[in-house]
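Only one structure is covered here, and it is reproduced in the block below.
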Amino acid sequence: MSSSARTAASKCKLPPLSTNPERPTSSNSHSSTKLSSFFTNQASSNTAIPTSSNPKTSPKNPFPRAPIQTPLEKFLQANCKSGNITLSEALDYFDHMIHMRPPPPMSSFNRLLGGLVKSKHYSHVFSFCNKLTASGLLPNLITLNILVNCLCNMNRVCDGFVVMGSMIRKGYRPTTVTFTSLVKGLCMENRIDEANKLFEKMIKFRCQPSVICYGTLINGLCRTGKTDVALKLHEEMNSGNGVRFRPNTVTFTSLIQGLCVEDRIDEATSLFEKMKKLRCHPSVITYGTLINGFCRTGKTDVALSLHEEMANENGGYGVDCKPNSVTYGIIIDRFCKDGMIDKATELFLEMKNRGIFPDVVVYSILIHGLYYNEKWEAGKALLHEMIDSGIQPDLVTFNVLIGALCRRGNVKDSRDLLKLMIRRGMNPNIFTYNTLMDGLCLVGNLDEARELFHSISTRGCEPGAISYSVLINGYCKYRKIQEAINLYEEMIFKGVKPTVITYNALLTGIFQMGKVQDAQKLFHEMHTQNVLPDSATYLILLDGLCKHDCKPEAMDIFHSLENSNFRFSVEIFNCLMDGFCKSGKLEIAWDLFHKMSSKGLLPNVITYSIMIHGLCMEGQLEKANGLLLEMEGKGCLPNVITYNTLMRGFCLNDDSTKVVELLHKMSERNLSPDDSTISIVVDLLSKDERIRKCLDLLPTFPATSQLRMP
DNA sequence: TTAGGGTTAG
C-alpha cells in the first residue's frame with residue numbers, strides 16, 4: 001500500500017490494509033487495452049454468467065454481500081463522487097478490494113470506478129474492469145455502463161457497442177445511460193448521423209431518452225454546425241413531444257376514445273397512464289375524452305380530479321425531459337461561437353421567461369460570448385446581473401474574465417483578477433495561467449510570460465502543449481525565433497507532445513525570418529512526431545514557399561494534395577495565385593483561378609484583387625476591368641484594395657479618365673479612400689493638371705479634406 | 001454507484 005493510500009485510510013479511520021504481494025508497482029501494469037480479456041476471461045466461475053433475463057436477479061455475485069456499510073465503503077462514498085481520490089489511492093484501494101474475502105459489494109467498485117471517471121482516468125477504469133472479471137468478480141449493469149462511458153470517452157465507440165452487445169447477451173437491458181454514452185461517443189467522433197439514428201433506435205427499444213440524452217445529441221449537433229436541427233430538437237422537448245417515433249397523442253387518444261365508448265374505462269385509464277409514462281403529452285382532447293368516459297360511467301369524482309390535473313402544469317409528467325439550463329446553455333454557446341450574439345441573448349431571455357434559471361455555467365457562456373464579440377458593456381452588465389442574483393463567479397467565469405481583459409491588452413487588471421481569485425480561495429488552473437501568459441505575450445511582455453511559465457509547476461499545475469505553444473507563439477510574433485525553437489526542443493525533451501498549432505506557430509515564425517530550409521525541415525519533423533498537418537499548416541507552407549521564390553516546391557506540394565482527399569481552401573489558391581502573379585507567371589495563376597470551381601470553391605474579393613493586380617502588372621487593363629465587372633456581376637463586392645489595384649494600373653498607363661471613373665464608382669459604393677487611394681490621386685495630379693478637376697468629387701468622400709490641394 | 005453544458009494557443 002502506498003503512503004498516500006495509507007494517509008487516506010488513516011484520515012477516514014480505515015483499518016490498515018494488508019499488503020498484497022501481487023500488487024503491481026506501476027500504473028502501467030493496468031494499461032491493458034484488449035477488450036477480449038474482459039469478456040472471455042470469465043471461466044473462473046460459471047456462476048458469473050447470469051442465466052435469467054431479469055437484470056435485477058440475473059447476475060449472482062459468488063460472494064455474499066456485506067450487510068452494513070464498512071468504513072471502506074463510507075470512504076469511497078465520501079471521496080469518489082467528488083473526484084477527491086488520487087489515481088495512486090484508487091490503485092491501492094482497488095488492489096486491496098479485489099483480494100478482500102468476502103469482497104466488497106460491486107457498488108463499492110463502481111464508486112471507485114466512478115471516482116476515476118471523474119478524474120478522466122479512463123484507461124485505468126478499463127483495466128480495472130478487466131481485473132475484476134479476472135478475479136471472478138461480476139461487473140453489474142452499472143459497471144458495464146461505466147465501461148461503455150469510458151470507451152466512448154477514449155474515442156473507442158465501436159468497443160462501446162461491443163460492450164453493449166455483451167451486456168445484452170448477459171441478460172442485461174441497456175439503459176438510457178448506456179445509450180447516452182454511445183450517443184456521446186458517436187458525437188465525439190463526429191458521427192452525428194449515426195448518433196441521431198441511435199437516438200431513434202433507443203426509442204424503438206422502448207428506452208426513453210432523458211434530458212441528458214437530448215442534451216448530448218443537441219451538443220453533438222451544435223458542434224457539427226447543425227444548430228438549426230439542434231434548435232428544432234430543443235423546441236420538440238419544450239413542446240412536451242420530446243420523444244420521437246412512437247405512438248403519439250393522436251393514436252393514444254383514438255384508442256382511449258374507443259375503450260371509453262365500450263365502457264372499458266379501466267383499460268382507458270391504464271392506457272392514459274402509459275402514454276404519460278412514455279412522455280406522450282395528453283392533449284386537451286385526450287383529457288376531454290377520458291373525463292367524458294369517467295362521467296359516463298358515474299366516476300365523476302375521478303373526472304373532477306383529472307380536470308384538476310389538467311390545470312396543473314404538465315400534470316407532473318414529462319417534466320424531466322423539458323429543456324433545462326444545460327440544453328439552453330449548449331445552444332447559447334453555439335450561437336455565441338458563431339458570432340450570433342443577438343440570437344444567444346434572445347435564447348437566454350427565453351429561458352428566463354420560461355422560468356428556467358440560468359446557472360453559473362450559462363452566465364459564463366453568455367458573458368464569454370459577449371466579451372468575445374466585443375460587447376464589453378453588455379458582458380459587464382450580465383456579470384453584475386449574475387452576482388446580483390446570488391450566483392458567484394466560479395473558476396471558469398474568472399478564466400473567461402481574465403481572457404476578456406487580456407484580449408483587450410489589459411494585463412494589469414488580469415493580474416489583479418488572478419490575485420482576487422486566489423484571495424477567494426480559488427485555485428487557478430492551467431487555463432488561467434495559459435490565458436494570462438497569452439495576454440502577456442500579446443502586449444510583448446515576453447519576460448513576464450516566461451516567468452509565469454516557469455512558475456506554473458510550483459503553483460500546482462503542469463505546463464502542457466498549450467502552455468508551450470502560447471509562449472512559442474509569443475516568441476515567434478516578436479521574431480525571437482531561437483527562443484521559440486529552444487522551447488520546442490525543451491518540450492520534446494520533456495515528453496510534451498507538440499500539436500499542429502505549435503508547428504504552425506513555429507513555421508510562421510521561421511518563414512518570416514526567411515529560413516526556408518529550416519521551415520521545410522520542421523515540416524518533415526511533424527511526421528516523425530506523428531503530428532498531422534492541417535489546412536493552416538499547408539497555407540503557411542505554400543505561402544512561405546511562394547514568398548521565398550520556391551514556387552516549384554509549392555506546386556509539387558499542391559499537386560500531391562490534389563492527389564489526396566485534401567479539402568482546399570480559397571486562401572490556399574489565393575496565396576499560390578498571388579505568388580505566380582507577382583513573379584510574372586500570369587498563365588499559371590490564371591489556370592489556378594479557373595481550377596477553383598472544380599474544387600467547389602468560389603473566388604472571393606481577395607482572389608479577384610490578386611488576379612486584377614496580376615493582369616494590371618502585365619498591362620492587360622481591359623481584362624482587369626472586365627474582372628471587376630465580373631465580380632460585381634457575381635455579387636462579390638470589390639473593396640478599396642480592389643479599386644486601388646485597378647486604379648494604380650490605369651494610373652501607370654496614364655488613363656486618367658478610367659481612374660476618375662473608378663473614383664466615382666467607389667464613391668457610389670460608399671467606400672472611403674485610404675492612404676493608397678490618396679497616393680494614386682496625387683500621382684495622377686502630378687502627371688496631369690487637367691485632373692485637378694477630379695478634386696470636385698473628393699468632398700463626396702468622407703474624411704478626405706486633407707486631399708484638397710493648395 | 002453510471003450518461004449532457006462553459007474557460008487557453010495559430
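Computed from a predicted model, the values in this text were never measured in an experiment. Atoms considered below: every heavy atom in the structure, side chains included; atoms not considered: hydrogens, waters and symmetry mates. A note on names: the letters A, B, ... follow the listed sequences, proteins ahead of strands, and every chain is numbered from 1.
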Whole-Å gap separating C1' (B/dG5) and NE2 (A/H234):
11 Å
Between A/E525 and A/Y503, do the side chains contain a donor N or O and an acceptor N or O under 3.5 Å apart?
no
Within residues 215-236 of chain A or reaching into it, pairs that qualify as ring-ring contact (aromatic ring centres under 6.0 Å, His included) - sequence neighbours excluded:
A/H234-A/Y328
Quiz question: going by heavy-atom distance under 3.5 Å, is there a donor-acceptor pair between the base of B/dG10 and the side chain of A/D534?
yes
Under 4.0 Å, heavy atoms only, any strand: does A/T176 hit a base, just the sugar-phosphate, or nothing?
base
Indicate, with a heavy-atom threshold strictly under 4.0 Å, whether A/T216 touches base, sugar-phosphate, or nothing.
sugar-phosphate
The side chain of A/S469 is closest to which nucleotide in this list: B/dG6, B/dT2, B/dA9?
B/dA9
Looking only at side-chain atoms of A/D359, point me to the closest of B/dA3, B/dG6, B/dG5.
B/dG5
Which nucleotide in B/dG4, B/dG6, B/dT2 has an atom nearest any side-chain atom of A/V326:
B/dG4
Just call it for A/T499: base, sugar-phosphate, or nothing, with non-hydrogen atoms closer than 4.0 Å on any strand.
base
Any side-chain N or O of A/K337 under 4.0 Å from OP1/OP2 of B/dT7?
yes
Side chain of A/N504 only, please: which of B/dG10, B/dG4, B/dT2 is the nearest?
B/dG10
Roughly how many Å is it from CD1 in A/I402 to P in B/dA9, rounded to a whole number?
13 Å
In numerical order, the residues of residues 432-447 of chain A whose heavy atoms come under 4.0 Å of DNA chain B are A/N434, A/T435, A/D438
Categorize A/V362 for me: base, sugar-phosphate, or nothing, with a 4.0 angstrom heavy-atom threshold over every strand shown.
base
Decide, yes or no, whether a salt bridge links A/K232 with A/E236 under the criterion of side-chain N to carboxylate O below 4.0 Å.
no
A/S467 to A/N434 - nearest heavy-atom pair and separation
OG-OD1, 2.8 Å
Within the 4.0 Å heavy-atom criterion, would you say A/A505 contacts the bases, only the backbone, or no part of the nucleic acid?
nothing
Rounded to whole Å, how long is the line connecting atom CD1 of A/I430 with atom P of B/dA9?
13 Å
Roughly, in whole Å, what's the span from OH in A/Y538 to C1' in B/dG10?
16 Å
Got a salt bridge between A/E483 and A/K480, using NZ or NE/NH1/NH2 to carboxylate O under 4.0 Å?
no
Ring centres under 6.0 Å, that's the criterion: do A/F453 and A/Y433 meet it?
no
Between B/dT1, B/dT7, B/dG10, spot the one nearest the side chain of A/S107, thanks.
B/dT1
Decide yes or no on side-chain contact (heavy atoms from CB on, under 4.5 Å) for A/V148 and A/C152, but give the supporting numbers first.
CA-CA 6 Å; A/V148 172; A/C152 291; 4.2 Å; yes
Would A/F109 and A/F94 satisfy ring pair (Phe, Tyr, Trp, His ring centres under 6.0 Å), going step by step from the backbone distance to the final call?
CA-CA 8 Å; A/F109 284 102; A/F94 183 81; 5.7 Å; yes
Minimum-distance nucleotide to A/A536 side chain [options: B/dT7, B/dG10, B/dG5]
B/dG10
Sugar-phosphate, base or nothing in reach of A/I146, heavy atoms under 4.0 Å:
sugar-phosphate
Could you tell me the separation between the CG atom of A/L471 and the C1' atom of B/dT8, rounded to a whole number of Å?
13 Å
Just to be sure I understand the rule, does A/V183 reach a base, reach only the sugar-phosphate, or reach nothing, if contact means heavy atoms closer than 4.0 Å?
nothing
Using a 4.0 Å heavy-atom cut-off across all strands, classify A/V361 as base, sugar-phosphate, or nothing.
base
Can you check whether A/K184 has a side-chain N or O nearer than 4.0 Å to OP1 or OP2 of B/dA3?
no
Length of the OH-P vector between A/Y478 and B/dG10, whole Å:
12 Å
Picking from B/dG6, B/dT8, B/dT2, the nucleotide nearest the side-chain atoms of A/I466 would be B/dT8
Return the value, rounded to whole Å, for the distance between atom CG of A/N110 and atom P of B/dT1.
10 Å
Among the nucleotides B/dG10, B/dA3, B/dG6, which one has an atom lying closest to any side-chain atom of A/S210?
B/dA3
Describe the nucleic acid contact of A/T178 in one word from base, sugar-phosphate, nothing, applying a heavy-atom distance below 4.0 Å.
nothing
Once you apply a heavy-atom cut-off of 4.0 Å, does A/I330 come out as touching a base, just sugar-phosphate, or nothing?
sugar-phosphate
For the side chain of A/V211, counting heavy atoms from C-beta on, which of B/dG4, B/dG6, B/dT1 is nearest?
B/dG4
Using atom CD1 of A/I332 as one end and atom C1' of B/dG5 as the other, report the distance to the nearest whole Å.
10 Å
Does any N or O donor sit under 3.5 Å from an N or O acceptor when you compare the side chain of A/T175 with the base of B/dA3?
no
Between B/dG10, B/dT7, B/dT1, which one does the side chain of A/N473 approach most closely?
B/dG10
Side-chain donor-acceptor distances from residues 393-411 of chain A under 3.5 Å, at least two apart:
residue, atom, partner, partner atom, Å
A/D394, OD1, A/V396, N, 3.1
A/D394, OD1, A/T397, N, 3.0
A/D394, OD1, A/T397, OG1, 2.7
A/T397, OG1, A/S364, OG, 2.9
A/T397, OG1, A/D394, N, 3.0
A/N399, OD1, A/T432, OG1, 2.7
A/N399, ND2, A/N429, OD1, 3.1
A/N410, OD1, A/D413, N, 3.1
A/N410, ND2, A/D413, OD2, 2.8

Just checking, is any N or O donor in the side chain of A/Y538 or A/E571 under 3.5 Å from an acceptor N or O on the other one?
no
Suppose we call a contact any N or O donor and acceptor under 3.5 Å apart; does that hold for the side chain of A/S364 and the base of B/dG6?
yes
